[in-house]
Amino acid sequence: MSRQANRATDNKKMNSELFTLTYGALVTQLCKDYENDEEVNKQLDKMGYNIGVRLIEDFLARSSIGRCQDFRETADVIAKVAFKMYLGVTPSVTNWSPAGDEFSLILENNPLVDFVELPDNHNTLVYSNLLCGVLRGALEMVQMAVDVKFVQDTLRGDNVTEIRMKFIKRIEENLPAGDE
Amino acid sequence: MADEAPFQFLHSEVIQYVFGASDSGDAETGRNITKVESMGFRVGQGLIERLTKETSRFKDELDVMKFICKDFWTCLFKKQIDNLRTNHQGIYVLQDSKFQLLSHLSAGKQYLDQAPKYLAFTCGLVRGALSNLGVKSIVTAEVSIMPACKFQVMIQKI
């Protein structure tokens, strides 16, 4: 029967569609709740951050990846392991700054925007800003302060989606004196 | 691919956002539940449309409900509904003995009063899906022992 066909492949796709559509419903709700796009961007970033600080545990447990030697390795893990695991896409890592503290993640297709078109009156909305928060939150939990932002977005007519990540500093753990 | 994790994290963040950290009054909670439910409704509509793209026509109401219990539920939560009951007069009870969105809450009685928050979105999903299949309904949920959960679907005859 046709109803039974292709079920395994469909399920996988459907589950990511559930995520994509739920995210869409959330952004819609935020646009209703807040007056300007800036506020929505900020809220998305905050929610992403909350997800990131919890997601990192899940990530470390599933991937059993150890400590990264340098920022380049971190970039590779984010692109090839984390994005692949959670969103099913592998962005490319490019545009390294000479100092090696800044790079871009280029997404050929961004699963978050699968069914999305931005209306004209939301031209400062960064639709996928949740991702920035997730990356920031997750890396903060492994002692890395980073700055994350979108510089290109297919929703605004760019050819690709580009996330720029900048390493700020290592976060020193402030253990109480005498406590190892 | 850990594809159920992003949805779970996002869902709890949505709940966190809509309900806020503090406990508000009953009226406020009711409004918030409606808000989350209507978000689910929209998502359910979108999902069912894509899921039923290539399926054959449904025979009757029961056939629709079976589809919700098997295919739709599997897409959402990677398992089927464990038990479907009906009184054949428009009331269906769908029982999930290990509901995914409750499984991260403590199984004791302590958080039982928090459960409705975590069920509203799914009630909306089911109502939205049914609505796009031409079945108008009211969907409610109840929990007596976590993480088991019963969804009651009341078909609205037009």
Side-chain angles (χ1 to χ4, degrees), chain A residues 1-8 10-30 32-34 43-44 46-59 61-63 81-89 111-112 114-115 130-131 133-134 137-138, chain B residues 1-18 20-21 32 34-59 63 66-67 70-80 100-101 104 121-122 124-125 128-129:
Chain A
M1 292 294 285
S2 63
R3 203 177 292 170
Q4 307 295 323
N6 300 329
R7 196 186 277 174
D10 272 5
N11 279 351
K12 208 158 218 171
K13 236 182 92 223
M14 287 299 296
N15 208 288
S16 77
E17 282 173 6
L18 170 64
F19 173 69
T20 306
L21 290 171
T22 306
Y23 185 67
L26 170 66
V27 179
T28 312
Q29 188 61 48
L30 289 175
K32 273 185 210 156
D33 291 354
Y34 293 96
Q43 187 62 37
L44 283 172
K46 191 175 131 200
M47 295 173 86
Y49 177 84
N50 292 342
I51 293 177
V53 297
R54 282 177 292 134
L55 189 71
I56 187 75
E57 298 232 1
D58 182 82
F59 174 73
R62 278 181 212 263
S63 65
V81 189
F83 267 81
K84 180 111 192 68
M85 186 188 285
Y86 292 114
L87 293 176
V89 292
L112 290 185
D114 269 350
F115 315 107
L130 187 94
L131 288 182
V134 173
Chain B
M1 199 170 99
D3 52 358
E4 75 283 6
F7 171 70
Q8 283 176 15
F9 280 105
L10 186 65
H11 178 264
S12 49
E13 206 51 44
V14 168
I15 304 302
Q16 184 68 31
Y17 164 72
V18 174
N32 290 338
T34 310
K35 208 184 216 181
V36 175
E37 205 262 357
S38 63
M39 287 169 82
F41 182 79
R42 288 271 297 123
V43 175
Q45 283 186 314
L47 279 174
I48 200 76
E49 215 163 78
R50 302 181 61 78
L51 186 63
T52 50
K53 218 166 33 186
E54 277 150 28
T55 54
S56 43
R57 189 174 274 275
F58 294 105
K59 277 205 313 276
D63 202 26
K66 281 185 184 161
F67 184 80
K70 286 186 185 159
D71 301 67
F72 189 61
W73 216 257
T74 312
C75 285
L76 299 176
F77 305 117
K78 297 198 165 153
K79 71 188 281 293
Q80 299 185 1
Q100 193 195 70
L101 296 175
H104 60 278
F121 189 79
T122 311
L125 285 175

_Quick check for you: to the nearest 0.5 Å, what is the distance between A/Gln29 atom CD and B/Ser38 atom OG?_
6.5 Å

*Quick one: side-chain contact (heavy atoms from CB on, under 4.5 Å) partners of A/Ser63, sequence neighbours excluded?*
A/Phe59, A/Ile65, A/Val81, A/Met85

*asked:* If you count heavy-atom pairs within less than 4.5 Å of chain B, which of A/Asn50, A/Thr28, A/Val134 leads?
replied: A/Asn50

*Which residues satisfy the side-chain contact (heavy atoms from CB on, under 4.5 Å) test with B/Ser12, sequence neighbours excluded?*
A/Arg54

*Take B/Gln8 and A/Asp58, measure what side-chain contact (heavy atoms from CB on, under 4.5 Å) needs, and give me the verdict at the end.*
CA-CA 12 Å; B/Gln8 283 176 15; A/Asp58 182 82; over 6 Å; no

*Count the heavy-atom pairs under 4.5 Å between each of A/Leu55, A/Thr22, A/Thr20 and chain B, then report the option with the highest count.*
A/Thr22

*Determine the minimum heavy-atom distance between B/Phe7 and A/Phe19, stating which atoms define it.*
N-CD1, 3.7 Å

*Of all the heavy-atom pairs spanning B/Leu10 and A/Ile51, show the shortest one and how long it is.*
CA-CD1, 4.1 Å

*Measure the spacing between NZ of A/Lys46 and CD of B/Gln16 and express it to the nearest 0.5 Å.*
9.0 Å

*About how many Å separate CG of A/Leu21 and CD of B/Gln45, when rounded to the nearest 0.5 Å?*
11.0 Å

*Closest heavy-atom contact between B/Tyr17 and A/Asp33?*
OH-OD2, 2.6 Å

